[in-house]
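Remarks on the structure that follows.
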Amino acid sequence: MSQSDLQRLLESLRTADGVELVPASEYALTGFGEELRVPVISLGLWGLGLMSDGVDPATARTDMVALCMTVAIAPGRLTGLALECDVDAGERFSMTVGDGALRVRSGPSPASSPTPVACDSGTFLALSLGHEKPSAATEAGRLRVDGDAEAVGHLFDAFAEAARRHTAVRPAPLTA
């Protein structure tokens with residue numbers, strides 16, 4: 001998307017009261033825009049469910065997969081886990097786990113010392129979908145965690161459990 005197309009889109013969203021300009025020349029969802037979060041994530045989960053044959057790392061956005069996990073992870077699965085990390089996996093975004101909930105946002109973490117997590121998009125997707133264990137990816141040099149690797153491993157385990165529930169093979173539609 002070109003810069004001018006992006007600017008036009010953001011202006012349209014501002015006019016519709018979906019986003020607002022906040023300090024540091026960034027955009028944030030308004031209350032009205034926040035109402036779109038659940039339906040958009042639900043659509044993402046529906047799409048994830050269609051990918052039982054695999055996800056193409058060249059076209060999937062790692063930050064969007066993580067965002068889908070904010071709804072997909074079973075309630076209570078993250079209870080007791082506290083983690084703040086900056087992720088570089090094709091896109092740069094941050095993930096925060098606290099009070100049993102996962103939050104994902106674009107850009108760096110606002111925390112003073114988040115755990116850096118780095119891997120390519122294929123590795124992030126393999127970890128998120130349960131096709132690879134974090135320990136194996138770390139040993140192979142495909143995942144680097146400079147901090148609480150155990151907490152990051154628990155988070156990817158929760159992602160994998162959620163993905164297994166949402167990517168189960170669906171029965172074929174009935175024909176008339």
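Hydrogens, waters and symmetry mates are skipped; everything else that's a heavy atom, side chains included, is used. Along the sequence shown, residues carry numbers from 1.
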Close side-chain approach of Phe124 and Val87, heavy atoms under 4.5 Å: yes
Nearest-0.5 Å distance that lies between atom CG in Asp63 and atom CZ in Arg92: 12.5 Å
Heavy-atom check, side chain of Ile41 versus side chain of Val38, under 4.5 Å: no
Side chains of Val145 and Pro134 in contact at under 4.5 Å (non-hydrogen atoms): no
Show me the side-chain donor-acceptor pairs of residues 6-20 shorter than 3.5 Å, one per line, residues at least two apart or across chains.
unit_1	atom_1	unit_2	atom_2	d
Arg8	NH2	Asp5	OD1	2.3
Ser12	OG	Arg8	O	3.1
Thr15	OG1	Glu11	O	2.9

Heavy-atom side-chain contact between Asp157 and Lys133 under 4.5 Å: yes
Contact check, side chains of Leu102 and Thr96, non-hydrogen atoms, under 4.5 Å: no
Under 3.5 Å: donor-acceptor pair, side chain of Asp86, backbone of Ser109: yes
Thr62 backbone acceptor or donor facing Glu91 side chain under 3.5 Å: yes
Main-chain N/O of Ala101 paired to Asp99 side chain as donor or acceptor, under 3.5 Å: no
Whether Arg77 side chain and Gly100 backbone form a donor-acceptor pair below 3.5 Å: no
Residue pair Leu83, Val152: steps toward the side chain to side chain contact (heavy atoms under 4.5 Å, CB included) verdict: CA-CA 8 Å; Leu83 178 66; Val152 171; 4.0 Å; yes
Partners passing ring-ring contact (aromatic ring centres under 6.0 Å, His included) against Phe159 (at least two apart in sequence or in another chain): Phe156
Residue pair Thr115 / Glu84, side-chain heavy-atom distance below 4.5 Å: no
Backbone N/O of Cys119 and side chain of Thr123: donor-acceptor pair under 3.5 Å: no
